[in-house]
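In what follows, a structure is listed as structure tokens, so that the remarks can point back to it.
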Amino acid sequence: MSDRVFDCDFVRGLGAEIESRVVPILEETDEILPELNGIDRSLYTTVTLPMAAAYTMATSTVAESMAGAAQCFREMREALDGCAQDMEDTDGACAAAFGGE
């Protein structure tokens, strides 16, 4: 069995992969959602008012949700990097306390 029971590189890599693969997908909605918002004005003259209002609320909610989700994934990477650093620091402190490297 290895002396280490955790893999800091894996934890850091996990955060980097999440940010590099997930965040761009969420940010792609920044290009699409403004086009959907453009439909809002025409809806108010072609469908019932409650239906148009629901569409407007849905598109604005999705825009905020995508931006919030992207920020959460960025913060997750920072937290994972911090956890990996804490693991290395703790491993070093324990090793020093018990006469290791």
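Start at 1 with the first residue, then count along the sequence. Keep in mind that what you see is a predicted model, and the values were worked out from it rather than measured.
- With sequence neighbours excluded, no residue forms a salt bridge (Lys or Arg N to Asp or Glu O under 4.0 Å) with Glu78.
- With sequence neighbours excluded, the residues satisfying side-chain contact (heavy atoms from CB on, under 4.5 Å) with Leu43 are Ile39, Thr46, Val47, Ala52, Tyr55.
- Residue pairs meeting the salt bridge (Lys or Arg N to Asp or Glu O under 4.0 Å) criterion with at least one member in residues 61-76, sequence neighbours excluded, are Glu27-Arg74.
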ask   = How far apart are the C-alpha atoms of Arg21 and Ile25, what are their side-chain angles, what is the distance that settles it, and do they pass the side-chain contact (heavy atoms from CB on, under 4.5 Å) test?
value = CA-CA 7 Å; Arg21 292 180 186 229; Ile25 293 169; 5.8 Å; no

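- For the atom pair CZ of Phe10 and CG of Leu80, the computed distance is 9.5 Å after rounding to the nearest 0.5 Å.
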Just distance, no hydrogens or angles: give the donor-acceptor pairs under 3.5 Å from side chains in residues 28-36, sequence neighbours left out.
unit_1 : atom_1 : unit_2 : atom_2 : d
Thr29  : OG1    : Leu26  : O      : 2.6

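- The side-chain contact (heavy atoms from CB on, under 4.5 Å) check on Thr48 picks up Pro50, Met51, with sequence neighbours excluded.
- Applying the side-chain hydrogen bond (donor to acceptor under 3.5 Å, both in side chains) test to Asp9 and every residue at least two apart in sequence or in another chain returns nothing.
- Glu19 CD to Leu14 CG: the interatomic distance, rounded to the nearest 0.5 Å, is 12.0 Å.
- A donor and an acceptor atom, one from each side chain of Asp81 and Gln85, are nowhere located under 3.5 Å apart.
- Residues Cys8 and Ala84 share a closest heavy-atom pair of SG-O, 3.4 Å.
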